[in-house]
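In what follows, a single structure is set out as structure tokens and then discussed.
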Amino acid sequence: MSEHKRDAKRPYSAKISGSSVGHNEDVEFSEELADQEDWEALERSERADRRQQQRR
């Protein structure tokens, strides 16, 4: 898959450059561009956040 097509499929309004390591970068989630895997990842992330909050 070409990089352009891969970037076009990302459900984020901010694109991440290929040279970026991807840590600590703020990106905005786009419901319109999200697929099932994105929704599942978002749900896992929210559950992990709740677990962390409970430990404090």
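Only this structure's heavy atoms are used, side chains among them; waters, hydrogens and symmetry mates stay out.
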task: Could you tell me whether the side chain of E43 reaches within less than 4.5 Å of the side chain of E40, counting heavy atoms only?
output: no
- request: State the CD-CG distance between E28 and L33, to the nearest 0.5 angstrom.
  value: 11.0 Å
task: State the CD-CD distance between Q54 and Q52, to the nearest 0.5 angstrom.
output: 10.0 Å
message: Would you compute the distance between atom CG of L42 and atom CD of E37 and round it to the nearest 0.5 angstrom?
response: 13.5 Å
